[in-house]
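Reviewing the structure listed below.
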Amino acid sequence: MTDEQRPEHTGATPLERFIEDRARRILDHAATGRPRRSRITGWLVELAVFTLKQGWACVFGAAMLMVLFATALWYPDGAALERNDFITLAAVAIQALMVVFRLETLRELRVIILFHIVGTGMELFKTSVGSWIYEGDGVLHLLNVPLYSGFMYASVGSYLVRVYRLFDLRFERYPRRWITAILAVLIYVNFFSHHYIWDARWVLVLGVLVIFGPCMMHFRIFRARLRMPLVVAFTLVALFIWVAENIATWSRAWSYPNQEDGWELVSIAKLGSWLLLMIISVVLVAWVYPPRGLDAAAPGAVRGAEGRAGHWYPDPVPASESVNTQRNDDSFDGIWAELQWRGLVQISTDPVELEKLLDGPPITYYCGFDPTAPSLHLGNLVQLLLMRRLQLAGHKPLGLVGGSTGLIGDPRPTAERTLNTKDTVAEWVGYLQEQVAKFLSFEGENAARLVNNLDWTAPMSAIDFLRDIGKHYRVGTMLKKDAVSSRLNSSEGISYAEFSYQILQGLDYLELYRSYDCVLQTGGSDQWGNLTSGTELVRKAEGATVHAIGTPLITNTDGTKFGKSEGNAIWLDASMCSSYAFYQFWLNTDDADVIERLKVFTFLSRAQIDELADAVAAEPFKREAQRRLALEVSTLVHGKAATDAAIAASAALFGQGELTGLDAATLEAALRELPNTTTGPDALVTQLLVDTGLTASLGESRRAIGQGGVYLNNMPVESSDAVLEPADLHHGMAVLRRGKKSLAGVFVE
């Protein structure tokens, strides 16, 4: 097993990877058949994977129940080793085997140990007050509690922590962890205190419903992502534990007072106790695996290599709101002509053949995105929109996120990349997959698929890589690639890892050609060497002709790199670039650039763009084209609601709308983009003007106020002695303006 295949690096055990791989193969095969049959096959595979994953999550508890059941039936009376001691040793052996054979990760083992401690403490008390008893003797025990009892609690922890990982659990409206911790402590205390004072069990159950009731749990089976109320999930698991408890008591692992004269079903009222125990269990797991939200960019959300590789059906990620309304322009003779008019083709393998190919029957094509950051940026958006245009023309897209190539990184012209950890890359793969999925359609005969190149590179040995792939490459040709040549001529040089990147990308094209009959790759023209690495490998290995399209690198008319603002990339993720900042970026597009941006980044027709070009020429001061560009692209990336909020914020900041109508998040995002300061209450406005840079001195501040040119929340400041009062604040913030266009933000602690 290679390092990349080991569970601690990928987050998945070998069996889990086997299940995912087999499911992917079945679904990919089904996708080539009739749509209805493949859809039925898809759901049957989802059901099978769900069953296997649930069984795998329960493996520790199931093994313990099997030991209890078997020893109840067949363990000999009068054996030298007491049955309780045998069960304890068997539990230790099961735990050791799971760790040795990497069926359980070390992180999961830490959770299980925590459950041992909490559970054993409860057992010692409960048996002392007669809540239940253990039969038999032995030496491996604490007071009246055999040591295997801790493993029974640990089996619950093992199940929860494995389900969390196997099903990639995400949560909407998950309560604050400190609140859940307080609830868990109260529940734990009540398990002890109700023997002496009033039993608050049902009050605590009500507390569970109030605190966790609004929370929705989202889970991925294989390619389907489903959801259910978290309280329902708690109840189902509690019911499952109740069934297991009946098996254990029948096996005489322990017994309740009402079972002393013979076994009978455990009271159904115990479901309440198990539901409360579930809360303690979930809180313990949450302190090791913090709950992850639906936002793919939330920090700490780790995805293993099992990811959503080979994504086909059904679609687990909601597409952008605009996807269903997008159309290609039917005024062109074909998609190739439209791509050229929009300036999306700078270089290609064979323009004549490509025109025939794209204007003919559907083909499969792909574009790759390496997880070198937790979000895609505007350069990637060019490729995503090109993919969508080709899909609208009837072709079949493959969105590749580079789980393996992202571990290396394509060579930069100047210096070696800093390698990210495998966990970081796996995390970013998940983020990028969700972003790519937003811009494509996963419905219809040409539904998109997501693939991860780690699926075919991780199982490949170094010898196989060199023999089967490396033999097709000539070092002289590889040295001529622009990025490689630049690095060789620099003081930095180039590592063998980055030098080999082009082979890895070529391998992607070969694999996708073999698996999906993929015959076209798109990418930026600066990646042309890597693109042709794939076309040449397919030609040499398969004797087939495949194609590549290189889009131009988009620059501003002044020669600066497009998509940069104050040295920072414009990211597609709102947590890295707010929807307000994103909207403002497009709104500030230069007149000389705006029409080309409309061609590349919107689905407006040629006629609509020509009208906007006329408006720019006739009345540039109205900035009609910029407003339309900002509206279209912001809606595409962030949705209508966020775009409307950004527009409202823009208007309100300049006195053309009501600040009170803005929510706190939108107002803060807008003010963070401005010069701003943080202050205490009752601050002088004159000082705030200086602190935010709107004036250079207190004297200048007083003169500006005296001239009637200073506004606080769009209301004129009339006195140089004015202070910031509570009534001036909206969500703890205020807008300071000098003149018509000089703005600043004020945050009050």
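The first residue of the sequence shown is numbered 1, and numbering continues consecutively from there.
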Inset, instruction - For Asp591, enumerate each residue passing the salt bridge (Lys or Arg N to Asp or Glu O under 4.0 Å) test, keeping only those at least two apart in sequence or located in another chain. - result: Arg623
Inset, instruction - For residues Met733 and Val748, determine if any side-chain heavy atom of one lies less than 4.5 Å from a side-chain heavy atom of the other. - result: no
Legend entry - Ile554 side chain near Val600 side chain, heavy-atom distance below 4.5 Å: yes
Inset, instruction - For atom CD of Gln340, decide whether the heavy atoms of other residues, nucleotides or ligands shown that lie under 6.0 angstrom number more than 12. - result: yes
Legend entry - Side-chain touch Phe585/Ser634, heavy atoms, less than 4.5 angstrom: no
Inset, instruction - Salt-bridge test for Lys622 and Glu619: reply yes if a basic N is under 4.0 Å from a carboxylate O, no otherwise. - result: yes
Legend entry - Minimum heavy-atom distance Gly399-Val436, with the two atoms named: CA-CG1, 4.3 Å
Inset, instruction - Work out which heavy atom in Leu531 is nearest to a heavy atom in Thr522; give both atom names and the distance. - result: CD2-O, 4.1 Å
Inset, instruction - For Tyr365 and Pro397, work out which heavy atoms get closest and say how close. - result: OH-CB, 3.2 Å
Legend entry - Geometric cation-pi criterion, Arg672 with Phe747: 6.0 Å, 45°: yes
Legend entry - Working for side chain to side chain donor-acceptor pair (under 3.5 Å), residues Gln608 and Ser605: CA-CA 5 Å; Gln608 290 173 305; Ser605 67; 3.3 Å; yes
Legend entry - Ser650 side chain reached by Tyr583 side chain, heavy atoms, under 4.5 Å: yes
Inset, instruction - Any chance you could measure Met217, atom CE, to Tyr174, atom OH, to the nearest 0.5 Å? - result: 11.5 Å
Legend entry - CG on Leu358 to CH2 on Trp336, rounded to 0.5 Å: 6.5 Å
Inset, instruction - Kindly write out the residues that satisfy side chain to side chain contact (heavy atoms under 4.5 Å, CB included) with Ser719, not counting sequence neighbours, or none if the list is empty. - result: Asp721
Inset, instruction - Using the six-membered ring of Phe332, assess whether NZ or CZ of Arg606 lies under 6.0 Å from its centre and within 45 degrees of the ring axis. - result: yes
Inset, instruction - Kindly write out the residues that satisfy side chain to side chain donor-acceptor pair (under 3.5 Å) with Asn714, not counting sequence neighbours, or none if the list is empty. - result: Arg737
Legend entry - Heavy-atom check, side chain of Asn328 versus side chain of Arg388, under 4.5 Å: no
Inset, instruction - Provide the closest heavy-atom pair for Leu667 versus Leu662 in the form atom of the first, atom of the second, distance. - result: CD1-CD1, 4.0 Å
Inset, instruction - Could you go through the ring pair (Phe, Tyr, Trp, His ring centres under 6.0 Å) check for Phe171 and His218 one step at a time? - result: CA-CA 6 Å; Phe171 302 93; His218 295 248; 8.7 Å; no
Inset, instruction - Taking all heavy atoms of Leu354 and all of Ser348, pick out the closest pair and write down the distance. - result: CD1-CB, 3.4 Å
Inset, instruction - Before giving the answer on side chain to side chain donor-acceptor pair (under 3.5 Å), spell out for Glu749 and Thr679 the whole-Å C-alpha distance, their side-chain angles and the decisive distance to 0.1 Å. - result: CA-CA 6 Å; Glu749 294 180 323; Thr679 186; over 6 Å; no
Inset, instruction - Report the residues that fulfil side chain to side chain contact (heavy atoms under 4.5 Å, CB included) with Val690, sequence neighbours left out, ordered by chain and then residue number. - result: Gln687, Thr695, Leu698, Ser701
Legend entry - Side chain proximity check, Leu378 to Trp586, heavy atoms < 4.5 angstrom: yes
Inset, instruction - Applying side chain to side chain contact (heavy atoms under 4.5 Å, CB included), name anything that partners Asn446, two or more places apart in sequence or on another chain. - result: Gln391, Lys396
Inset, instruction - Provide the closest heavy-atom pair for Thr551 versus Leu344 in the form atom of the first, atom of the second, distance. - result: CG2-O, 3.1 Å
Legend entry - Salt-bridge contact Arg627-Glu624 (side-chain N to carboxylate O under 4.0 Å): no
Legend entry - Arg389 NZ/CZ over Phe603 ring centroid, <6.0 Å and within 45° of normal: yes
Legend entry - Test log, rule side chain to side chain donor-acceptor pair (under 3.5 Å), inputs Asn380 and Gln383: CA-CA 5 Å; Asn380 303 127; Gln383 302 305 320; over 6 Å; no
Inset, instruction - Would you check, one step at a time, whether the test side chain to side chain donor-acceptor pair (under 3.5 Å) holds for Ser575 with Asp573? - result: CA-CA 5 Å; Ser575 68; Asp573 190 281; 2.4 Å; yes
Legend entry - Electrostatic pair Glu632:Arg628 at N-O distance under 4.0 angstrom: yes
Inset, instruction - Return the set of residues passing side chain to side chain donor-acceptor pair (under 3.5 Å) with Asn453 (not counting sequence neighbours), or none when no residue passes. - result: Ser404, Thr405, Asp508
Legend entry - Atom pair OG1 (Thr692) and CG (Leu694), whose distance is rounded to the nearest 0.5 Å: 3.5 Å
Inset, instruction - Could you grab the distance from atom CG of Leu629 to atom OG1 of Thr602, nearest 0.5 Å is fine? - result: 7.0 Å
Inset, instruction - Take Gln435 and Ser375 through the test side chain to side chain contact (heavy atoms under 4.5 Å, CB included) and record every step on the way to the result. - result: CA-CA 8 Å; Gln435 285 189 324; Ser375 173; 3.2 Å; yes
Legend entry - Pairwise side-chain contact, Val717 with Leu712, heavy-atom cut-off 4.5 Å (strictly under): yes
Inset, instruction - Taking the six-membered ring for Trp and the single ring otherwise, decide whether the centroids of Trp571 and Phe582 are under 6.0 Å apart. - result: no
Inset, instruction - Would you please say whether a donor-acceptor pair under 3.5 Å links the side chains of Thr421 and Asp423? - result: no
